[in-house]
2 protein chains.
Amino acid sequence: MQIGELARSTGVKIETIRYYEREQLLPVPQRTDGNYRLYSPRDVEQLRFICYCRSLDMSLEEVRLLIGVLDTPSGSCLTVNALLDEKIAEVDARVNELHKLQDQLRQLRGFCQQPDEVKTCGILMELNRSAGIDKAQI
Amino acid sequence: MQIGELARSTGVKIETIRYYEREQLLPVPQRTDGNYRLYSPRDVEQLRFICYCRSLDMSLEEVRLLIGVLDTPSGSCLTVNALLDEKIAEVDARVNELHKLQDQLRQLRGFCQQPDEVKTCGILMELNRSAGIDKAQI
DNA sequence: CCTTGACCCTGAAGCCACTTCAGGCTTTTC
DNA sequence: GAAAAGCCTGAAGTGGCTTCAGGGTCAAGG
Ligand SMILES: [Zn+2]
Ligand SMILES: [Zn+2]
Ligand SMILES: [Zn+2]
Ligand SMILES: [Zn+2]
């Protein structure tokens with residue numbers, strides 16, 4: 001299977017596949033006589049694994065770590081648990097941040113119902129005011 | 001006021017301030033005889049405005065746009081409203097994504113209560129299985 | 001007067017996870 | 001035999017900074 005077929009069957013762009021190879025997330029593939037990369041079903045699985053981990057918001061560094069762990073089946077999975085706990089905490093924190101942000105943005109949006117002139121726009125006035133308040137707090 | 005004081009009074013790093021200047025988010029400041037940057041209280045306000053917009057998750061490009069709007073006080077604030085609406089939609093979408101991610105991560109974490117060997121770890125088995133399922137779906 | 005240290009300067013490179021580009025080779029198809 | 005589709009490499013660009021190398025400026029202390 002050539003790189004194009006691997007790309008089609010995983011939804012990963014060709015350039016990204018080459019990038020993962022450079023970054024040592026995918027093994028160095030065989031080559032044809034014409035120097036084209038050749039992939040096996042095993043490589044498809046590994047690429048899917050990477051994608052799934054990425055969809056769980058893991059960094060490539062973290063995926064690399066997981067792949068390393070998988071390569072030593074008799075080791076302990078402590079690091080995996082730690083990684084997940086850290087991820088969960090990160091995502092929870094980010095969700096809390098975004099909830100606050102939602103409130104702020106909606107409130108701000110409420111300051112201008114009908115578009116008006118810039119100099120009297122409630123949004124812009126509020127943006128300036130809030131920047132000033134932050135100043136006072138520091 | 002020199003750049004160090006501006007940095008202290010806003011909590012923005014010196015390098016970031018110079019970066020904002022390069023990116024035309026802050027006006028080119030005056031200089032002392034020794035070529036040190038000199039800032040006015042107006043600059044402090046502008047920097048705070050930038051920070052506040054950044055805290056609302058706006059990109060520097062968007063902040064640049066807002067600053068541009070502020071500089072033409074007799075114009076309409078339509079673009080400001082549009083920008084905010086887009087931001088709100090973006091944040092809402094991201095929150096929904098992260099909620100799903102939270103569920104997935106917690107479920108995954110549940111597959112390994114006590115650390116065991118890599119080859120029997122529920123987390124790793126589930127990671128591999130899910131990557132395969134995603135495959136089947138495509 | 002000279003040195004120390006705090007402060008400041010510039011331009012370039014590094015970070016992540018890719019994407020895009022320039023320029024060229026291989027294979028398939030008409 | 002020529003076009004089109006597919007593949008190759010290495011380098012540079014993205015955003016929003018941060019870090020680094022290699023300096024210059026200025027006030028205080030000895
Ligand atoms: Zn919620
Ligand atoms: Zn308005
Ligand atoms: Zn939920
Ligand atoms: Zn386990």
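Labels below follow one simple rule: chain letters A, B, ... track the order of the sequence lines, proteins then strands, and each chain is numbered from 1.
Distance A/Glu23 CD to C/dT19 C1': 14 Å, rounded to the nearest Å. Note: CD (A/Gln24) to P (C/dC18) measures 16 Å, nearest angstrom. A straight line from CZ of A/Arg8 to P of D/dA5 spans 13 Å, rounded to a whole angstrom. Nucleotide C/dC16 holds its P atom 8 Å from the CD atom of A/Glu61, rounded to whole Å. The CG-P distance, from B/Leu6 to C/dC9, rounds to 11 Å in whole Å. The nearest whole Å value for the distance from the OH atom in B/Tyr39 to the C1' atom in C/dC8 is 11 Å. Nucleotide D/dC7 holds its P atom 11 Å from the CE atom of A/Met1, rounded to whole Å. D/dA5 atom P lies 16 Å from atom CD of A/Gln2, rounded to whole Å.
A donor-acceptor contact shorter than 3.5 Å is absent between the side chain of B/Gln24 and the backbone of B/Glu21. Looking at A/Arg31, its side chain never comes within 3.5 Å of a backbone N or O of A/Gly34 through a donor-acceptor pair. A donor-acceptor distance shorter than 3.5 angstrom exists from the side chain of A/Arg109 to the backbone of A/Cys112, with no hydrogens or angles considered. Not a single donor-acceptor pair under 3.5 Å links the side chain of A/Glu62 to the backbone N or O of A/Leu84.
Nearest nucleotide to the A/Arg22 side chain, out of C/dC8, D/dC8, C/dT19: C/dT19.
The nearest heavy atom of DNA chain D to B/Ser59 and to B/Asp33 marks one nucleotide each, and the one closer to the 5' end goes with B/Ser59. Mapping B/Arg31 and A/Leu60 onto DNA chain C by nearest heavy atom places B/Arg31 at the nucleotide closer to the 5' end. Place A/Arg54 and B/Ile3 on DNA chain C by their nearest nucleotides, and B/Ile3 ends up nearer the 5' end.
Counting distance only, with no hydrogens placed and no angle test, the side-chain atoms of B/Tyr20 and the base atoms of D/dG16 include no donor-acceptor pair under 3.5 Å. With hydrogens and angles ignored, a donor-acceptor pair under 3.5 angstrom links the side chain of B/Tyr36 to the base of C/dC7.
Scanning for side chain to side chain donor-acceptor pair (under 3.5 Å) contacts around A/Glu97 gives A/Arg94, with sequence neighbours left out.
For the segment residues 12-19 of chain A, the set of residues with a heavy atom within less than 4.0 Å of an atom of DNA chain C comprises A/Lys13, A/Glu15, A/Thr16, A/Tyr19, in numerical order.
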Please determine whether salt bridge (charged side-chain N to carboxylate O under 4.0 Å, His left out) holds for the pair B/Arg129 and B/Glu126, giving the CA-CA distance in whole Å, both sets of side-chain angles, and the decisive distance to 0.1 Å.
CA-CA 5 Å; B/Arg129 206 183 61 81; B/Glu126 180 61 19; 3.1 Å; yes

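Counting any heavy atom pair closer than 4.0 Å across all strands shown, A/Thr32 reaches no nucleic acid atom.
Electrostatic pairing of A/Glu15 and A/Lys13 does not count as a salt bridge here, judged by no charged N lying under 4.0 Å from a carboxylate O.
The phosphate of C/dT10 has OP1 or OP2 within less than 4.0 Å of a side-chain N or O from B/Arg37.
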